Structures are given as C-alpha cells and as structure tokens.
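Taking it in order: structure first as structure tokens, then the write-up.
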Amino acid sequence: MVSVKRERELDLEDDEATVPVKVGRSSEDRRSRHCPYLDTINRSVLDFDFEKLCSISLSHINVYACLICGKYFQGRGLKSHAYTHSVQFTHHVFLNLHTLKFYCLPDNYEIIDSSLEDITYVLKPTFTRQHISGLDKQGKLYRAYDGTTYLPGIVGLNNIKANDYANVVLQALSNVPPLRNYFLEEENYCGIRRPPGDIMFLLVQRFGELMRKLWNPRNFKAHVSPHEMLQAVVLCSKKNFQITKQGDAVDFLSWFMNALHGALGGTKKKPSSLTKVFQGSMRIFSKKLPHPDLPPEEKVALLLKEEYQEEMSESTFLFLTLDLPTAPLYKDEKEQLIIPQVPLFNILAKFNGNTEKEYKTYKENFLKRFQLLKLPPYLIFCIKRFTKNNFFVEKNPTIVNFPITNVDLREYLTEEAQVTEKNTTYDLVANVVHDGKPTEGAYRIHVLHHGTGKWYELQDLQVTDILPQMITLSEAYIQIWKRRENEDDTTNHTGA
C-alpha cells in the first residue's frame, strides 16, 4: 500500500497521480459533467504561448493552468501548488497542459464539458487535410475572442525585446504553403527518430506549434507570442541568437534552415521536407589569382601553372546571395537627397555564367563565376546590404527595383538546364525589409495572402494592408519567390 506521503509526491510528479478520496466513492463519482464554476473561467487572460513552467517551482513536470487567472502551477494533489492556489484564491477550474484534461480543485474531479473545447483548441490547434487544402482558396476574416478580426497566417508576432529579426523570418517561412502544410500536420514529423539527447528536434516541434498557432482560425487574440519557439532557438543555437539582443535576419535564416534540415533527418545526400521546397543547385567556376604585389612576369608564369587554371564544381543552395553595387563614398549637396537604385536583373547577372567576381581569403584570391543548374519551387534571395570589418558594420541603402510578378530566370540557367527546366518564372510572396542603422535598425515584412491576393505589412504586432507598388520602395533584405508550375498558375496579386 502506498503511503500518504508518497501519494502526495505522485500528485506533484505524475499526471494520473492517485488522489485521496472519501471511502465509498468510486472514481466515476469524482467525474462531473456539470461543474458549477465554469462561468468563472476568464478566457481573456488565457495565454498558452509561454513556456509551460510552474510559476512557483519553475518545474515543467505536470503543470496546470488556472483558467481564472491564467497562471501556471504544478500538481493538483494535496499541498501541491495548484491545490494551494485554488484554496487560497477560490479559483477552481484547472487545465493539465500535457493531457488537456480539465479538473475542479480542491474537490479534485475531472470536468468533461463540450463548452471547454475552444480552450483545448487554442492550446493545441489541429488541422484536417481538407482544412489545409482550402487555406489558400479563401480570404475569410475570423473574429478572435477579444473581438478583433484577423486573417489566419497574417498574424502579428510579439517582439519580446529584440527578436524582430527572427519574427520576420518565421513569418516569411509560415507563408510558404508546402512548408506550412507539412508542419500543420504533426503526424508528418512526430515519427522521425533522433539520437538520444538530441535537442535540435525541439526546433521542429516548436516551429510546428508556432505554425499551427499562426494559422489557427479560433484564436483568442489576433496575435501570437513566439516565446517558446525563441526559447528553443536560444538553446539550440547555444545563445548565438537571443531574444534580448538584435540579430541579423540573414544569419538567422541560414542557421535556422540548416538546423531544421538536419533535425528533420536530412543530410547532404538525403533531402528533407525543407530542401524539397527551397534547394536548388549551381555550377561554380573558380580560378586562383596570383598575389597582386608580384611582378607582372611572375604573374604571367604562375597563370600557366595547373593550380591557376579554372576549375568547375557543383553545389546546392538554399538561398542566393545578391551583391549590391558599392554606394558612392562622396556626395555633393544635391546628391545627398538621392538614394542609389539598381534593377534586380543587374544584381542577378552574378549568376549568368559570365560575370566574374573576385573573392579574397586570408591567404589567397579567387575569381569566381556562377551559373544555375536547378531552380527550386520557392527561391530565396538575400540581398547583401551589410559589410562587416573589425571596427564597424556598414549598410548599403541602395534600393533594388524589382517587379512583383513574372520574373523569368531562364537566362541564368546552363544550356542543358534551359532544355530540362520547363517553368522558370517566379512571383514574389514575401519581402523582408531592414530600416535604419546597421546595428540599431528594425525589421518588417511584406507577405502575400494567397486567398485574397492582397499584400500585408507586418511589423511585430502591427498588421496593415499595403499597396504592391509601395513594396518596391523599401530596402529589401530577404525575398521569397514562388515558381509558377504552369502558364495558368499566376499567383493572385491584387493591383500588381
């Protein structure tokens, strides 16, 4: 027979802990379908976006949410934190955040009532395949419990302190339909086996949870906090990316995509659901250069050697880096008002197979040119705005002029690829912008809502609609383009 002391310990540790009951009462008697305290539940204070920790013990084991004040407490047995809270404040209705079961304390019976389903859905939204298949076919506005209306997917993310650099990347990826659809169904990845002690899979779980919250049509609020997702980022990146310190969106995108790919079981040879969406390939032609300080005759002699001949290699990519022309160093008073501009196709010339660019390493210099071999369904451009050296970070404010639709990349493919690649036309679906100074600027994002064909600007919690022609005036930093799969597949862009 289990001692009372051990019984109480179980109440703190175990979801289905034995709870002392009056002699003669069956377990069925302790269940109630009609709890008298259901009308005390305050849905406006419920927030399940934060880490599931007891507010007193800071333990994540067997945590319950008080549905009257929204706080988290551990256990429900005698002398547990939830039990004590219920007696002290006469708050009676609690939800186990792991089992999704409701309990009335201190009486300690399970509540079974269909009116509570909206709470469990907010805590753990689920999507049917039929629901997912219709997400991009309609633009219905939904009303949150707090009265605000919103479009699922076009939802603000809370800037906890300095995490807007991560918010824009998460919002951009959440609006890529094949990636979104994969993560909306937890069954797609819950069976992936990872080595014991591997923490990186936490990124996959948290990203899936965040995706489902962003696309939840039954939210209590028209915004979401990425707190749990970012806690996983801090942990898995070994604090390279933090909530309290501004980071670089391209650095975060690169790390996050590679980390997700690995956590989903992907390798260099084995694709993952992420690489199927974003991965393309290119040819790289590289030629070693003699040291610039050498006499001309020595340079000529070196260029005849085998190690200085051009070599070709093939490489995959998840995004393409586009280089901006150097901004003018000196300006007169009139030019001070002019912001340099460059057409997108000028900076895309880097991949035409002819344009050469010099790359300097610590010891050697190389001349490289690039040509595309395979285009992915979704193509990411990262426009290189920042130059870093030992002393400071410099930002290039050049505006890139780009059309929002109908960008054809056929001329950047090799001759063989031009024959095999049927569809090479892309339309913009997301545009990340950096405003302000290099180290203290802010991020915002423009996203296309596929159901309505309208563009929206999201900056942390703020969501506004925006005219397509305004998007091209911004200092674009990261762009995601969707390939048209056939001639009729023109993404619905209002006013573009």
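Predicted model, so just to flag it, every value in this text is computed and none were measured. Scope of the values below: all heavy atoms of this structure, side chains included, with no hydrogens, waters or symmetry mates.
- The backbone N or O of Tyr72 sits less than 3.5 Å from a side-chain atom of Ser55, completing a donor-acceptor pair.
- Leu151 and Gly139 get closest at one heavy-atom pair: CD2-O, 3.5 Å.
- Side-chain contact of Asn352 with Thr355: a donor-acceptor pair under 3.5 Å is present, judged by distance alone.
- The number of heavy-atom neighbours closer than 6.0 Å to CD of Glu415, taken from other residues, nucleotides and ligands shown, is 12 or below.
- The main-chain N or O of Leu375 is found under 3.5 Å from a side-chain atom of Arg483 such that the two form a donor-acceptor pair.
- Side chain to side chain, Asp164 and Gln246 meet the donor-acceptor criterion of an N or O pair below 3.5 Å.
- Phe345 pairs by the ring pair (Phe, Tyr, Trp, His ring centres under 6.0 Å) definition with nothing, not counting sequence neighbours.
- Leu461 is not listed as a side-chain neighbour of Asn159, based on a closest heavy-atom distance of 4.5 Å or more.
- In this model, a donor atom of one side chain and an acceptor atom of the other lie less than 3.5 Å apart for Thr424 and Asp408.
- Summarising the geometry of Ser286 relative to Phe366, their closest heavy-atom pair is OG-CD2, 3.6 Å, with the distance given to 0.1 Å.
- For residues 171-181, every residue pair satisfying the side-chain hydrogen bond (donor to acceptor under 3.5 Å, both in side chains) rule, not counting sequence neighbours, is listed here: Asp136-Arg180.
- Taking each heavy atom of Ile68 and Val93 in turn, the nearest pair found is CD1-N, 3.6 Å.
- Contacts of Asp146 classified as salt bridge (Lys or Arg N to Asp or Glu O under 4.0 Å), with partners at least two apart in sequence or in another chain: none.
- Under a 3.5 Å cut-off, the side chain of Asn188 and the backbone N or O of Tyr182 do form a donor-acceptor pair.
- Scored by the salt bridge (Lys or Arg N to Asp or Glu O under 4.0 Å) test, Lys357 finds Asp323 as partners (sequence neighbours excluded).
- Other residues, nucleotides and ligands place no more than 12 heavy atoms under 6.0 Å from the CD atom of Gln462.
- Between Ile383 and Leu324, the closest side-chain pair of non-hydrogen atoms falls below 4.5 Å.
- Inspection of the Asn219 and Asn216 side chains reveals an N or O donor paired with an N or O acceptor under 3.5 Å.
- Cation-pi contact between Arg218 and Tyr121: present, with separation from the ring centre below 6.0 Å and deviation from the ring axis of at most 45°.
- For Tyr426, there are no ring pair (Phe, Tyr, Trp, His ring centres under 6.0 Å) partners, not counting sequence neighbours.
- Under 3.5 Å, the side chains of Trp481 and Gln479 contain a donor-acceptor pair of N or O atoms.
- Side chains of Glu475 and His434: a donor-acceptor N/O pair is absent below 3.5 angstrom, by distance only.
- Ring centroid separation for the pair Phe386 and Tyr477 comes in under the 6.0 Å cut-off.
- Scanning for salt bridge (Lys or Arg N to Asp or Glu O under 4.0 Å) contacts around Glu51 gives an empty result, with sequence neighbours left out.
- Counting only heavy atoms from C-beta outward, the side chains of Met282 and Phe317 approach each other to under 4.5 Å.
- No donor-acceptor pair closer than 3.5 Å links the side chain of Asp198 to the backbone N or O of Arg194.
- Side chain of Arg143 to main chain of Gly147: a donor-acceptor pair is present (N/O by atom type, distance under 3.5 Å, no hydrogens or angles).
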Evaluation steps, ring pair (Phe, Tyr, Trp, His ring centres under 6.0 Å), between Phe183 and Phe207: CA-CA 8 Å; Phe183 278 97; Phe207 187 54; 4.9 Å; yes
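- Within 6.0 Å of CD on Gln130 lie no more than 12 heavy atoms contributed by other residues, nucleotides or ligands.
- Note on Glu209 versus Arg206: salt bridge recorded, some NZ/NE/NH1/NH2 to OD/OE distance being below 4.0 Å.
- When every heavy atom of His227 is checked against every heavy atom of Asp49, the shortest pair comes out as CB-O, 3.6 Å.
- Between the side chain of Ser237 and the backbone N or O of Phe241 there is at least one donor-acceptor pair closer than 3.5 Å.
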Evaluation steps, side-chain contact (heavy atoms from CB on, under 4.5 Å), between Leu367 and Tyr359: CA-CA 6 Å; Leu367 208 57; Tyr359 289 82; over 6 Å; no
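- Side-chain contact between Tyr456 and His449: present, with at least one pair of heavy atoms (C-beta onward) separated by less than 4.5 Å.
- For Glu311 and Lys287, the salt-bridge test fails: no basic side-chain N is under 4.0 Å from an acidic carboxylate O.
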Candidate pair Tyr443 and Tyr165, rule ring pair (Phe, Tyr, Trp, His ring centres under 6.0 Å), full reasoning: CA-CA 6 Å; Tyr443 288 95; Tyr165 74 94; 7.1 Å; no
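- In this structure, Leu318 and Leu274 have side chains that are in contact, with non-hydrogen atoms separated by less than 4.5 Å.
- Put simply, the side chain of Ser474 reaches to within 4.5 Å of the side chain of Arg444, judged on heavy atoms.
- Side chains of Glu314 and Leu373 form a contact here, defined as non-hydrogen atoms less than 4.5 Å apart.
- The line from CD of Gln242 to NZ of Lys245 is 6.5 Å long, rounded to the nearest 0.5 Å.
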Side chain to side chain donor-acceptor pair (under 3.5 Å) assessment of Asn96 paired with Tyr64: CA-CA 4 Å; Asn96 185 303; Tyr64 291 76; 3.2 Å; yes
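- Residues Val429 and Lys482 share a closest heavy-atom pair of CG1-CB, 3.8 Å.
- A salt bridge links Lys52 with Glu228: the closest approach of a Lys/Arg side-chain nitrogen to an acidic carboxylate oxygen falls below 4.0 angstrom.
- In this structure, the side chain of Asn163 does not engage the main chain of Ala166 through any donor-acceptor pair within 3.5 Å.
- Side-chain contact between Leu372 and Thr414 is absent, with no heavy-atom pair separated by less than 4.5 Å.
- Taking each heavy atom of Gly436 and Lys395 in turn, the nearest pair found is O-NZ, 3.1 Å.
- In this structure, Lys368 does not pair ionically with Glu356, as no charged nitrogen and carboxylate oxygen lie closer than 4.0 Å.
- Annotation: His131, atom NE2; neighbour count of heavy atoms from other residues, nucleotides and ligands within 6.0 Å is above 12.
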